[in-house]
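Below: the structure, in structure tokens.
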Amino acid sequence: MAGLELLSDQGYRLDGRKATELRKVQARMGVFAQADGSAYLEQGNTKALAVVYGPHEMRGSRSRARHDRAVINCQYSMATFSTAERKRRPHGDRKSTEMSLHLKQTFEAAVMTQLYPRSQIDIYVKILQSDGGNYSVCVNAATLAVIDAGIPMRDYVCACTVGFVDETPLADLCYAEESGGVSSLALALLAPWRTDRSAADGRQAPSGPLRGSDRSCHDSL
Amino acid sequence: MIKTEKILHLKSSRGRKVRVVREHYLRERVPCCSCLCQAACDNDGKVLPGDLTHYVVPDVGVVVDYLEILEFRELQGVVFTQTACQAVQHSKGRRQYNRLRNLLKDPRHDCVLFANEFQEYSYCPREKGESQEQWQTRCVYSAAVWYHNHLAGMMDIVMITEDRDAIAQYGSLNAGVYVISVQDFLRDFWPQVQAAHELYSSISQALQEKESEASQKEYSEHLPAEVLEAGIKSGRYIKGTLNISKHRPQNEASIMTDGLSNKSTDLSRGVLVDGGKNRNRAVHGDVVVVELLPKSEWRGKVTALTEGQGEEKGGEENESQPMPTGRVVGILQRNWRDYVVTFPPRDGTQSQSRNSQRILAVPWDRRIPKIRISTQQADALQDHRVVVRIDSWESTSLYPNGHSVRVLGPAGELETEVQTILIENGIHVAPFSDAQLREMPVNSPEKPWTIDPAQAAERRDLRESHLVFSIDPRGCEDVDDTLSVRSLPGGKLLELGVHIADVTHFVTEGSLTDLEARLRATTYYLADRRYDMLPAVLSADLCSLLGGVDRYAMSVMWELDAHTLAVNKVWYGRTIIRSSYQLHYELAQALLNGEEAEVPELSELGPEEKDAKLAELTQALEMLTHVARQLRAQRDRGGALELEGVEVRAQLDEQRNITALVPRQPLEVHETVAECMIYANHWVARKIQETFPHQALLRRHPPPRQEFFSQLVDSAKARGFAIDTRTNKALADSLDQAMDPQDPLVNRLLRMMATAAMSQALYFSTGLESQDQFYHYGLALDRYTHFTSPIRRYADIVVHRLLTAAIDLEREAGLGQTLANNKELEEMAQHINNKNMAAQRAQKSSTALFQCLYFKERDPQTDPSCVADAVIYSIRNNGILVFVPEYGVKGPVYMKNRDGQVVAAGPDGSCEWQSGSVRQHSDHISTTSSCGTSTFRLFDHITVRISVHSAPFHGDSLNLEVVSNKRHRSPEPQQTPSQGRSQLVQEVVRLAEEASQQAQEKKAAQRPKLSKEEREFRQSKTPNLYSLLEEVRELALMDLDTAAQVCATTA
């Protein structure tokens, strides 16, 4: 992999983007009628499906219930066909557990859980095709699904990855770049400003904050 | 942007085929880099001119195989496609790709890169069943068509390809886009560039040869890269740079490993690679991977001197103890460069039977194997030196294949040999191009250059207030340093000023001149000529601080305490100066000595005025000498070394014939000027390092490795001297003590050995080393840089820019330009270091060349100048190494010749060859024959005859032969110029000691001493300030505490 030139002298990346350009974003909300909220998001070739159930009563052990807020339960998984080689991915392996935990922490900070004491919100995210930036795509897809479910949030959570090549920050890495030995950072942010767009307009909403997030990523680097 | 997808079929790590989908974004606006562009493309950087007849778009195959032709600067308007660049990267590797990248970056080349695969309309996806080559050609063609349309048909596009089918398929598809072959292209458009045509035929021949290779294996195959990587990681293989021995190029080579990674200590000395088969096609300088052989096959290095280079005996010779030995299993990085080879004369021994076109040419560098060249000009090239490049070395071939690039000329001619030296050292000095010269300011009689009033307002004007003068070698054109010294009102303070030519004012960063200067990095001085770093209008005129004209300068001025020389204040800044006197060393020394000397600047003045001016100048020179002595003494206390190199100058007459070889004669003035320059360099280093702690360019001299001193210590022991090498101070002291009153040469030789043991001083960026690594061992300074010669060294230009930035920061003017960061600076430092080494090597080889020419014209048997005195400085097991002080020649003398005969000295000392045996001891070598035993000791004087050993394929070399074991003739009253310097230093130190003793004696009368000083310093008769100052100085030296303080502040 050492031979790959991640950023050419003319400023192009492997796939023809410039350093600060994002991949093409496509999103659709309300893809499932049964769930309370659902969204499908593509960022380039990374495709994720997020589903939200709740808020509803605690399922399973009631002892986990909190009297002052809702509990958020996240589950991340990857489809067997999501990578170039078909591979069975059992639930509960380390990577997906870690990812689930990250998602949970992110959304506990974003969702106004205090409005729903003693209840539970389930967020399920599945990666259908993996091409880099899995975490940030999951966060963005889950945000859309939460919006679709009508659960109040402090703000939209937007996530983006940033890599660093020859002292130039690259936004939204693809798989080839991630595996090419770039140091990378995934950031999920509550945008510090308010958009006056309605939640229903969510199809276009993500791209704005995403750009912002990548700018913030730059600043934080 | 439009998103598409590329589907690739790659192999996974387990060897299975995997289908990979990669995104591919297309955009409408991709810069076209042409000034004809109608669509307002975002063109920054290089732009193709619009006044050409056509643009050239080379096909992938052309870029891969014929890149060298496209490198010709005459070829303008070349558009490289992204497709072609990627193909180069994949098929030719990193090195070739970097070469292409540098070509694209180089502003002197008229070529651009077009990212055709990211352009919406020029991109064509690969179709099913289409081969890679076909697809690439289609891509390039579509890029060519796009260019034609984009420029609205104003420019014809020529696509060149070697693919006949493509010419047929695309040739007549579009008007304005022509598809032709390389040969037609060169013939139709560039018939005048003969060199390109020759190169084309040479490369295409080599390519054809490659296809028709024999199949018999001569070498084992190299292992694939993955196996090598894994092997290095697991420790099974060792990676390192192959270094072929100069003396035994056929058999002996060693691998220098990268050092730190060695776990076992026995690898620290490197790994030996013995013989051609084990070397397995690696060439000197390649990065190779070796596998260690079993211990039973380990061998040692041969320590005997080899006579008659080239033929080697395979017999068991004296070997040092066995060291790790290995064989090359793979090559990670080829380091092929341009080689100079000589075509052998055609005498029928060549392999004419098979193919008369293939010639085995012999490289000039002995370490390079013979190169097989296919050429049709074999007859014309006999005994010519030619630049060639190696193309490949298959395992089926005993020798590498190459192609010729350029003919230098017949071997043995001076011009050819000098060019050979330049190319072998990687020095390229093309004449400055018109575009570069156009950047230069004009200074002609009709349009004289004048000072810009805006600059005059910004700069400090020293024209009226300071007496500025320069001291340089006689006939020097590029005067880059001038000096001034005066005592300030009040008498307590001295002001010393060093004014350096302000080159950066004329050479702006990033200009063509700057790039060229950076590439050259230094002015190259050869024995008979020099190649300037800057165009002559700058180096010999506008930047040169000539006498009597206004010039811009960069100045450092110190206010020094007149007594202690403690630094009171330092001022750095840009100035305007007018040098009053342009002195040369001999003249300055004469003035100092109080001799009658004619100063040309004063010749037209009346006698009174002349005397007054002369007295003023002499006084300034004396003050300067005084300051310099003190500074030197300070550094000596810190442990500064005084080292000895062999410097010989060839004196030439008008026809460039050598009339004599003259060793350099150092005078005290040399020392004075050098000391002031060292002082300026040191203070500038302090300034830039303090302002830019992470991105200043300094120069460091790492302490030498102790084991290198063993020869010096052993040799000195033979004469009864003890050399302490623990610190530079100890070394300097013990070298001063190792003085044989009978033979001053001993000290000189010891100093030469010490110099040889030193490591090389290097430029570096301060961000890369910790501060304790900044030390300059030889000068005993904690920080040092090069500031004083910007006309001939690029490092100084960089330092000037840093200093300007530092001054601007201080004035809070902000940085005008962003400075080079640590990484860039380090790269630049590496580059300058490499070029400096190349320059030194070139200078050395050219000196050797002239030495050979000098002796070639003389008959060694009859001419008395071919017999000279020599001193033995090292003992080997079949001979001795001697130094000939008269000519500055070092070389081996064999005690045993190839017939097994040894040198036997007769009773009168004359030597002859007789059969016998040789024995080596630690400090002498003795030969036993029928006439008895004769012994040669270290530092013995012997008489040698110098003759030229001519080697048609390589450079000539000098051959030394012992004539007598006695000193040559009666020892003449030999001048020992090196003494002058050390004596002076001792003088100053002794004076200081005396003065301090006197201080303890509570001011003894000092008056009577003055008469002695008068004699010592050859003070002029006329009463002047000198005696007064001398008095003042002695008073100053009494105060020991302040003297210690001076040390502390300057250390």
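Values below: every heavy atom of this structure, side chains too, minus hydrogens, waters and symmetry copies. Each chain gets a letter, A, B and so on, in the order its sequence line appears, and its residues count up from 1.
- Looking at A/D9, the atoms closer than 4.5 Å to chain B (heavy atoms on both sides) all sit in the side chain, from C-beta outward.
- Pairing each heavy atom of A/D15 with each of B/E23, the nearest pair is CB-O, 3.3 Å.
- If you measure heavy-atom distances from A/R13 to chain B, the contacts under 4.5 Å come from the backbone alone.
- No more than 12 heavy atoms of other residues, nucleotides or ligands lie within 6.0 Å of CD in B/E229, so this atom counts as exposed by the packing criterion.
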Check your understanding: Going through the checks in order, is the side chain to side chain contact (heavy atoms under 4.5 Å, CB included) test met by A/Y12 and B/E117?
Key -> CA-CA 11 Å; A/Y12 291 107; B/E117 292 189 20; over 6 Å; no

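- Annotation: the span from A/E5 atom CD to B/C85 atom SG amounts to 9.0 Å, rounded to 0.5 Å.
- Put simply, the side chain of B/R22 never gets that close to the backbone of A/C174: no donor and acceptor are under 3.5 Å apart.
- Looking at every heavy atom in both residues, A/R17 comes nearest to B/R27 through CA-NH2, 3.5 Å.
- Side-chain contact, B/Y25 with A/E21: no donor N or O sits under 3.5 Å from an acceptor N or O.
- Summarising the local packing, NZ of B/K105 is surrounded by more than 12 heavy atoms from other residues, nucleotides or ligands at distances under 6.0 Å.
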